[in-house]
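Read the structure below first, then the notes.
Chain naming here is simple, since letters A, B, ... match the order of the sequence lines and numbering starts at 1 in each.
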Protein chains: 2
Amino acid sequence: MATLCLPYQLSPEQTEKLDTIIQRHRPLQKRDVLIHNGEPLKFLYAVRSGSLKSYTLDSQGSEQIIDFHLPGDVIGFDGLIDGNHRSYTQALETTMLCEIPIQSLDQLSAELPGLRKQMLRLMSGELHASKTLLGTLNHHSAQQRLANFLVTLSSRFQQRGLSSRSFRLSMTRADIGNYLGLSVETVSRILTQLQSEGVLAVQNKLVEITEPERLRALAA
Amino acid sequence: MATLCLPYQLSPEQTEKLDTIIQRHRPLQKRDVLIHNGEPLKFLYAVRSGSLKSYTLDSQGSEQIIDFHLPGDVIGFDGLIDGNHRSYTQALETTMLCEIPIQSLDQLSAELPGLRKQMLRLMSGELHASKTLLGTLNHHSAQQRLANFLVTLSSRFQQRGLSSRSFRLSMTRADIGNYLGLSVETVSRILTQLQSEGVLAVQNKLVEITEPERLRALAA
DNA sequence: ACGAATCGTTGATTTACGTCAAAGTGACTT
DNA sequence: AAGTCACTTTGACGTAAATCAACGATTCGT
């Protein structure tokens, strides 16, 4: 169970201890909301399959997408500030999760330096990703942003043992645009443009990266 | 010493233990580089006075400013992923720091749940700030971004017991523009515009927020 | 299996902000 | 004190991407 949910380098002994605190969560359907803004943080969630988006609502009530979560990701770190979640998290498709009680995790991490390190690594990685993205969005054109988005997705899939060349975009174009600070129309236009240039083959939600090298060059 | 460097709610006993591992760092002069990208991470640094900027260099060698650090901030969390720093960090003015050896901190945090919680809180807060900023930059106009930047700075100064109404911008307009994804010219124009509207009084690096309410409204 | 709703594409037009250019202001050096 | 250099401001102009609009294509619910 623990290896399914937190597939990282932990010793058998550590894995066994983790198993005692991790629970399977009921499956989410598309559009189900897992986390509501302001809720007390009781669990972290590890994504086993499917995907989700996290977002906040601004003063006018419109969504600001902060993050997409894929299998292997752990959700909830940003709520540790004050023990309350700081965003909404919603399933983009049927999704399986594990739940990890915060309190038990904290106690366990006092005993297991490896686990402690692993948690720090996860948070640190997320922090780094978020800051990198910031830099990327600030200083790049729409095409570069989208190329970068696809490259990042691709390498995340690869890390999880899935195909890095072809995958399904579980989020809508509107979601992508929102996340990248672009309009839906721009996202659409650039996708067709990349396709006509032979870098991608797009068919609805399915994307095949036909020339990974050129895409990576565009993302720079 | 510990209270100076990590001024948070810790018991006297905890503070005492912290004191044993925290060292004073030599003062930095303006433009001194504290951290180089790729360096192994041995210490976290707490800012006692002054300020710094963190940035990465993109493929063309140009700066991408990721963060500004004020007194009370702790620098280095994003390097915990793999034990190497992921950015450069440079002093914007004469700056005093404490250094906190990572290894000792880790050992100590196994004993002290309060310290562990504090570290998580700091990282989580940074993560949240970074994600919030992302949303802000993606969906707002130049004026809103700048207003937001000033409001955020103001409240960070306030949290540290400094004036929230008037303060010195230790970074250049170019730095601000880089950070917010705007050109220098736009930053300058908007500052003069906000001044002519009576929201700010700008005099070189000195900013006075004359109408905090209106500024906050613009930041929304 | 059907209609309705959501999602995606494409085109025409507008605009906020970047770029280019040049001059003004302050701040470190000798 | 003078001169250099880095920073800031202001104006004219160009452009990337937003907005507006209308129409296909999928997906969803009954």
Side-chain angles (χ1 to χ4, degrees), chain A residues 29-32 51 53 60 62-65 90-94 136-150 168-197 200-207 218, chain B residues 29-32 51 53 60 62-65 90-94 136-150 168-197 200-207 218:
Chain A
Q29 298 306 315
K30 189 172 178 178
R31 270 179 265 271
D32 283 355
S51 56
K53 63 175 174 183
Q60 293 102 59
S62 60
E63 240 178 73
Q64 307 212 338
I65 298 179
Q90 187 181 37
L92 295 169
E93 59 193 314
T94 303
T136 306
L137 295 190
N138 261 342
H139 298 278
H140 294 76
S141 68
Q143 194 188 57
Q144 289 173 315
R145 293 185 204 192
L146 196 50
N148 186 78
F149 175 72
L150 292 172
R168 205 180 138 271
L169 299 173
S170 57
M171 67 293 290
T172 67
R173 307 287 141 103
D175 285 339
I176 297 174
N178 185 304
Y179 180 63
L180 296 177
L182 302 171
S183 68
V184 199
E185 295 93 328
T186 301
V187 172
S188 176
R189 273 189 254 271
I190 289 174
L191 282 177
T192 61
Q193 182 200 329
L194 289 177
Q195 180 162 34
S196 73
E197 287 174 7
L200 300 178
V202 185
Q203 194 178 51
N204 216 354
K205 302 253 174 198
L206 257 43
V207 172
L218 290 174
Chain B
Q29 297 306 315
K30 190 173 175 175
R31 271 176 265 270
D32 282 355
S51 55
K53 64 175 173 182
Q60 293 103 58
S62 60
E63 242 178 71
Q64 308 212 339
I65 298 179
Q90 187 181 35
L92 294 169
E93 58 193 315
T94 304
T136 307
L137 296 189
N138 261 343
H139 299 277
H140 295 78
S141 68
Q143 194 188 55
Q144 290 173 314
R145 293 185 204 191
L146 197 49
N148 187 77
F149 176 72
L150 292 171
R168 207 182 136 269
L169 298 173
S170 57
M171 67 293 289
T172 67
R173 308 286 139 106
D175 284 340
I176 296 173
N178 186 304
Y179 180 64
L180 296 178
L182 302 172
S183 67
V184 199
E185 294 93 330
T186 300
V187 172
S188 176
R189 272 188 256 270
I190 288 175
L191 281 177
T192 61
Q193 182 201 326
L194 290 176
Q195 181 162 34
S196 74
E197 287 173 8
L200 301 178
V202 185
Q203 193 176 52
N204 216 356
K205 302 256 172 197
L206 258 43
V207 173
L218 290 174

Can you measure [X] atom [atom1] to [N] atom [atom2] for me and round it to whole angstrom units?
X        : N      : atom1 : atom2 : answer
A:Leu146 : D:dA17 : CG    : P     : 11 Å
B:Lys30  : C:dG26 : NZ    : C1'   : 11 Å
B:Gln193 : C:dC17 : CD    : C1'   : 13 Å
B:Arg145 : C:dA16 : CZ    : C1'   : 11 Å
A:Asn138 : C:dG18 : CG    : C1'   : 14 Å
A:Arg31  : C:dC7  : CZ    : C1'   : 10 Å
A:Gln144 : D:dA17 : CD    : P     : 9 Å
B:Gln143 : C:dT15 : CD    : P     : 17 Å

Next on the checklist: Are A:Asp32 and A:Gln90 packed together at the side-chain level, in the sense that at least one heavy-atom pair is separated by less than 4.5 angstrom?
Outcome noted: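 No, their side chains stay 4.5 Å or more apart.
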
Next on the checklist: Under the side chain to side chain contact (heavy atoms under 4.5 Å, CB included) test against B:Val207, which residue among B:Leu191, B:Leu200, B:Leu194 passes?
Outcome noted: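 With B:Val207 as partner, B:Leu191, B:Leu200, B:Leu194 yield a single side chain to side chain contact (heavy atoms under 4.5 Å, CB included), made by B:Leu200.
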
[N] phosphate, OP1 or OP2: any side-chain N/O from [X] under 4.0 angstrom?
X        : N      : result
B:Lys205 : D:dT8  : yes
B:Asn204 : D:dT9  : no
B:Thr192 : D:dT10 : yes

Checklist entry - What residue among A:Arg189, A:Glu197, A:Gln195 forms side-chain hydrogen bond (donor to acceptor under 3.5 Å, both in side chains) with A:Gln193? => result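 The option that passes is A:Glu197.
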
Item to check | Residue pairs passing the salt bridge (charged side-chain N to carboxylate O under 4.0 Å, His left out) test where at least one lies in residues 177-188 of chain B, sequence neighbours excluded | outcome: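 Residue pairs passing salt bridge (charged side-chain N to carboxylate O under 4.0 Å, His left out), neighbours aside: none found.
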
Nearest 0.5 Å, what's the [atom1]-[atom2] distance between [X] and [Y]?
X        : Y        : atom1 : atom2 : value
A:Thr186 : A:Arg145 : OG1   : CZ    : 9.5 Å
A:Ile176 : A:Ser188 : CD1   : OG    : 10.5 Å
B:Phe149 : B:Ile190 : CZ    : CD1   : 13.0 Å

Next on the checklist: Contact list please: residues 178-190 of chain B against DNA chain C, heavy atoms, distance less than 4.0 Å, in numerical order.
Outcome noted: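 Here the set is B:Gly181, B:Leu182, B:Ser183, B:Glu185, B:Thr186, B:Arg189.
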
